[in-house]
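Quick notes on the structure that follows.
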Protein chains: 2
Amino acid sequence: MSSEQEFLAGYDPRAFPPVAVSVDVVALTIRDGELHVLLVRRGVPPFAGQWALPGGFVRAEDLDTAAVRELAEETGQQLGRIHLEQLGSYGAPDRDPRMRVISVAYLVFAPELADPGAQPQAGSDAAEAAWVPVPAVRDLAFDHARILADGLERARAKLEYTPLATAFTGDEFTIAELRAVYETVWGERLHAGNFHRKVLSVPGFVESTGESTQTGGPRGGPRSRLYRRGDAQLLHPALLRPGREDAVR
Amino acid sequence: MSSEQEFLAGYDPRAFPPVAVSVDVVALTIRDGELHVLLVRRGVPPFAGQWALPGGFVRAEDLDTAAVRELAEETGQQLGRIHLEQLGSYGAPDRDPRMRVISVAYLVFAPELADPGAQPQAGSDAAEAAWVPVPAVRDLAFDHARILADGLERARAKLEYTPLATAFTGDEFTIAELRAVYETVWGERLHAGNFHRKVLSVPGFVESTGESTQTGGPRGGPRSRLYRRGDAQLLHPALLRPGREDAVR
DNA sequence: AAAATAGTGTCTTTAAGACACTATCCG
DNA sequence: CGGATAGTGTCTTAAAGACACTATTTT
């Protein structure tokens with residue numbers, strides 16, 4: 001026994017400086033035509049009183065599970081159909097003043113919640129939680145501003161080559177609603193006619209329900225057909241963001 | 001003091017189950033026209049004697065730094081110009097039999113090393129290290145087979161929209177050498193003429209040195225012009241992989 | 001001489017985007 | 001009615017890919 005311990009000594013993880021692992025979640029949704037991110041106001045030091053991404057330390061669970069759990073705890077509600085993917089890990093030695101904490105960041109796309117006025121409930125370690133318009137976000141705790149920026153860029157890129165825009169809509173949606181998602185996330189106006197044709201031309205992006213909306217738009221216009229998400233996992237050809245012909249960075 | 005400790009108790013990272021953090025590196029290079037990955041043979045349990053990705057536990061350093069350090073230690077040589085990027089984190093609760101270990105995986109592209117016969121030297125915790133042809137890899141320790149698969153897919157995708165194929169070549173290269181990188185990583189033959197024109201048409205991908213090779217190819221053909229990497233960070237338009245028109249997954 | 005390769009020319013097909021237009025619905 | 005919007009038609013340009021061809025080099 002003691003010989004095995006000695007043999008393993010140089011390789012025992014416990015011989016290394018202590019470290020903690022947390023998950024932080026960049027949860028995005030669209031409300032009132034604006035991109036919102038879920039933030040919590042910290043109730044305890046460090047950074048008490050400041051806004052931060054929801055998250056917490058991982059328990060005896062998978063990383064994905066930890067992300068979903070933290071999100072549910074701090075929103076206080078069951079999240080229905082959401083898209084969740086790992087964003088990256090952040091481990092600068094001084095990013096948490098308490099000790100070495102490595103954070104695995106997740107990106108979540110959520111449709112606007114069923115209850116239109118639903119405010120997230122404060123969960124375990126958050127004093128308050130709210131959906132905040134992305135342009136209004138400032139002074140996040142830790143390195144969360146950087147994590148949010150990385151999440152936004154990932155979201156913008158993902159809309160190009162995956163059908164994940166549908167993760168922001170209801171189960172059934174119009175092409176105009178889908179276009180609104182792209183315009184909101186990309187922050188650019190798109191040409192309605194060309195967008196319409198493009199979406200329908202990509203195999204498996206959307207499929208028709210055969211139904212139409214009951215009324216026209218709030219400012220006029222004909223009723224529009226309803227679609228649901230198709231079975232494509234990747235968009236071919238992709239919907240590229242306009243105006244980046246000479247993008248060198 | 002004790003009141004502060006009590007206040008912080010629920011939020012103290014040390015109150016959570018112990019966890020260790022490691023980095024694992026998928027280092028790819030091209031040798032003899034085949035894609036190779038750097039592996040180490042484990043000298044100690046668990047998985048003693050099996051091949052694994054190089055890696056180790058993080059110290060008081062940034063994650064990127066840890067990846068570079070482990071790579072240098074286990075190859076035993078100074079790696080010159082390499083490309084390094086984070087691949088993702090792997091944290092299944094039972095992925096390491098010793099204890100909870102969360103691994104941050106990195107992806108490295110390295111040109112063939114200056115010394116053509118250079119065999120990596122065994123470093124700290126590896127009994128042996130070698131560049132192994134990717135198709136010959138089997139039975140990796142831990143969940144490293146999955147990490148390698150994810151790294152390969154990332155590498156294939158990155159060649160499409162970034163100039164990272166140049167990370168596999170020397171500082172100066174011919175279009176044919178660049179094409180060989182694409183063919184090796186993608187595992188597909190490309191049309192020489194169209195590839196040539198395409199590469200030169202993408203702004204900032206490559207720039208001419210004005211020089212040419214001293215001889216033609218080993219099996220004949222004219223001398224070819226030499227290029228170096230341009231300043232583009234992204235390829236517009238991208239070089240898409242052929243034959244995935246209807247890719248639904 | 002024969003084979004291989006670098007590099008270019010040209011044509012077809014596909015896709016993106018600009019613009020126009022009709023039909024439908026709201027106020 | 002006037003304004004806004006859904007959806008379609010058409011034209012131009014960019015880009016991908018197939019194919020052909022020349023010039024240059026090696027064996």
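Here is the naming used below: chain letters follow the sequence lines, and residue numbers restart at 1 for every chain.
When side chains are defined from C-beta on, B:R81 counts as touching B:D171, because their heavy atoms get closer than 4.5 Å. Taking the side chain as every heavy atom from C-beta outward, B:L107 and B:L84 never approach each other to under 4.5 Å.
At a threshold of 4.0 angstrom between heavy atoms, the contacts of A:S201 with the nucleic acid are absent. Using a 4.0 Å heavy-atom distance criterion, A:G216 is classed as a sugar-phosphate-only contact.
Remark: A:H196 is not in phosphate contact with D:dA6, judged by side-chain N or O atoms under 4.0 Å from OP1 or OP2. Between C:dA3 and B:R219, no contact under 4.0 Å exists linking OP1 or OP2 to a side-chain N or O.
One distance of note links OH of B:Y161 with CD of A:E160; it measures 10.5 Å at 0.5 Å rounding. A:I147 CD1 to A:S103 OG: the interatomic distance, rounded to the nearest 0.5 Å, is 4.5 Å.
Between the CZ atom of B:R189 and the C1' atom of D:dG17 there is a distance of 16 Å, rounded to whole Å. Rounded to whole Å, the distance from CZ on B:R225 to P on D:dT25 is 12 Å. Rounding to whole angstrom units, CZ of residue B:F195 and P of D:dA15 are separated by 17 Å. Rounded to whole Å, the distance from NE2 on B:H236 to C1' on D:dA16 is 17 Å. Distance A:L200 CG to C:dA15 C1': 15 Å, rounded to the nearest Å.
Only one option out of B:T174, B:I175, B:L178 pairs with B:H196 in a side chain to side chain contact (heavy atoms under 4.5 Å, CB included); it is B:I175.
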Between the protein and nucleotides 17-20 of chain C, which nitrogen or oxygen pairs come in under 3.5 angstrom?
from	atom 1	to	atom 2	distance (Å)
C:dA18	N7	A:N194	ND2	2.8
C:dA18	N6	A:N194	OD1	3.2
C:dA18	N6	A:R197	NH2	3.3

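Around atom CZ of A:R219, no more than 12 heavy atoms belonging to other residues, nucleotides or ligands sit under 6.0 Å away.
Of the residues in residues 172-185 of chain B, not one comes within less than 4.0 Å of DNA chain D through any heavy atom.
In this structure, A:H144 and A:F142 have tilted ring planes: the angle between them lies in the 30° to 60° band.
Listed nucleotides: C:dC26, C:dA15, D:dT24. Nearest to the side chain of B:P222: D:dT24. Taking only side-chain atoms of A:K198, from C-beta outward, the nucleotide of D:dA16, C:dA15, D:dG7 with the closest atom is C:dA15.
Mapping A:Q214 and B:G220 onto DNA chain C by nearest heavy atom places B:G220 closer to the 5' end of the strand.
Between the side chains of A:D24 and A:Y90, no donor N or O sits under 3.5 Å from an acceptor N or O.
Closest of all the heavy-atom pairs between A:T169 and A:T166 is OG1-O, 3.0 Å.
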